[in-house]
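Before any comments, here is the structure.
Below, each value reflects all heavy atoms present in this structure, side chains not excepted, and no hydrogens, waters or symmetry copies.
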Amino acid sequence: MSTLPQGFVANRHRIARRRRIQMLARVLLMIQALAGAKVLVHALGWETIQVTPLFTSVVASTVFLLGFLLNGVLSDFKESEKLPAEIATSLEVLGLEIQAISAHNPAAAVQGHLVAVADLAEGMVAWLLTRITTEQFMQLFHRVYGSVVQASVLLKGNATLQARLVAEMANILRLANRVETIRETSFVPLVYWLANLGTGLLCFGLVFMAVRTLPEALFFLAVIAFLLIFLIRLVVDLDNPFGFGDPHSAEDVSLDALAAAVRRIEVMRDGSGAAPPFESMG
């Protein structure tokens, strides 16, 4: 029986859609608070900042800075989109190679080794979804590595096939370390600070900006502040493409290919009369 819940992919899509709506709602609440502050400032006659060409320069420079941030995180995000599919390929090829050992050595028993590969595949999904820690995943990887080495011994001196098994495990470890590095590394924190400071000062200026009518002031405040604040939150979200465990993360890479590969590996395991699946995923 599969440890991945039924409708896993569809459920992930529903969660992402709900988080996008929640992000939009949070931004709208901030805009509402700014609009309320603008109404209060207008009623008290505190609008002391005059609109000058310098003000438009501040808007342009802030937008340019946010565009620089967005371009940087988008390039990393596009690169990260490839990782789940590459992990899925290595895991499935590893399972197929171990399953094929029986063709090279009919007396070989590979059921236990397929169980280990299935455990690793399920553990990878659990780790990406932050259901298990990195330390737990690495302990699982080391155990499975030992099982793969034992499986390679069943090839009886076929050095090429033995090397392929170890190479796939090395590739999985390389990709896992890449994912962990992306998770833990933020894109130029000082630029984030500058962007937040610039947006905050610009919103402050919009609240105290003197205009002819209040509706005109509220319109420009709402449009400019919404775009800037939403863009900052989007950049922060995109900076971690594997933020599945973060309830505020709406934009993450797709795990569809990996989930499909895990199910196929589980079919290999179950078709070989294997033992019960990896239990630590709950």
Inset, instruction - Could you walk me through whether V93 and E97 pass side chain to side chain contact (heavy atoms under 4.5 Å, CB included), step by step? - result: CA-CA 6 Å; V93 168; E97 291 286 350; 4.0 Å; yes
Hey, what do you get for [atom1] ([X]) to [atom2] ([Y]), rounding to the nearest 0.5 Å?
X	Y	atom1	atom2	result
E168	T89	CD	OG1	9.0 Å
D252	F77	CG	CZ	6.5 Å
H104	L161	NE2	CG	4.5 Å
D237	I232	CG	CD1	13.5 Å
L96	I101	CG	CD1	11.5 Å
K38	C203	NZ	SG	12.0 Å

Closest approach of [X] and [Y], non-hydrogen atoms and distance?
X	Y	answer
Q162	K156	NE2-N, 4.4 Å
L154	A109	CD1-O, 3.8 Å
L258	P84	CB-O, 4.1 Å
G95	M268	C-SD, 3.7 Å
M23	H248	CE-O, 4.1 Å
A210	Q50	CB-NE2, 3.7 Å

Legend entry - Reference residue T134; test side chain to side chain donor-acceptor pair (under 3.5 Å); the match among E180, E184, Q139, R183: E180
Give a yes or no on this: more than 12 heavy atoms of other residues, nucleotides or ligands lie within 6.0 Å of atom [atom1] of [X].
X	atom1	result
F208	CZ	yes
Y145	OH	no
F220	CZ	no
M30	CE	no

Let me check something: do [X] and [Y] share a hydrophobic cluster, defined by ILVMFWY side-chain heavy atoms less than 4.5 Å apart, either directly or through other members?
X	Y	result
V39	L28	no
L70	V236	yes
F55	L218	no
I224	V51	yes
F204	F230	yes

Please tell me if the side chains of [X] and [Y] come closer than 4.5 Å, counting only heavy atoms from C-beta onward.
X	Y	result
D246	N240	no
L34	I229	yes
L94	L165	yes
T199	L231	no
T62	V58	yes
Y192	L69	yes
E251	R20	yes
V110	Q99	no

Inset, instruction - Quick one: do L140 and W127 satisfy side chain to side chain contact (heavy atoms under 4.5 Å, CB included)? Show the steps, please. - result: CA-CA 11 Å; L140 170 63; W127 175 62; over 6 Å; no
Legend entry - Backbone of I87 reached by a side-chain donor or acceptor of S90 within 3.5 Å: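 Such a contact is absent between S90 side chain and I87 backbone.
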Inset, instruction - Report yes or no: does S147 contribute a side-chain atom to a donor-acceptor pair with the main-chain N or O of V144 at less than 3.5 Å? - result: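 Side chain of S147 to backbone of V144, a donor-acceptor pair under 3.5 Å: no, none is there.
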Inset, instruction - Compute whether any side-chain donor of one residue and acceptor of the other, for R174 and N177, lie under 3.5 angstrom apart. - result: no
Inset, instruction - Take L66 and V235, measure what side chain to side chain contact (heavy atoms under 4.5 Å, CB included) needs, and give me the verdict at the end. - result: CA-CA 8 Å; L66 290 175; V235 167; 5.6 Å; no
Legend entry - Test: R269 and E122 ion pair at under 4.0 Å: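 Here R269 pairs with E122 in a salt bridge, since their nearest N and O are under 4.0 Å apart.
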Inset, instruction - Please test L128 against F242 for side chain to side chain contact (heavy atoms under 4.5 Å, CB included), starting from the C-alpha separation and ending with a verdict. - result: CA-CA 7 Å; L128 289 174; F242 300 96; 4.1 Å; yes
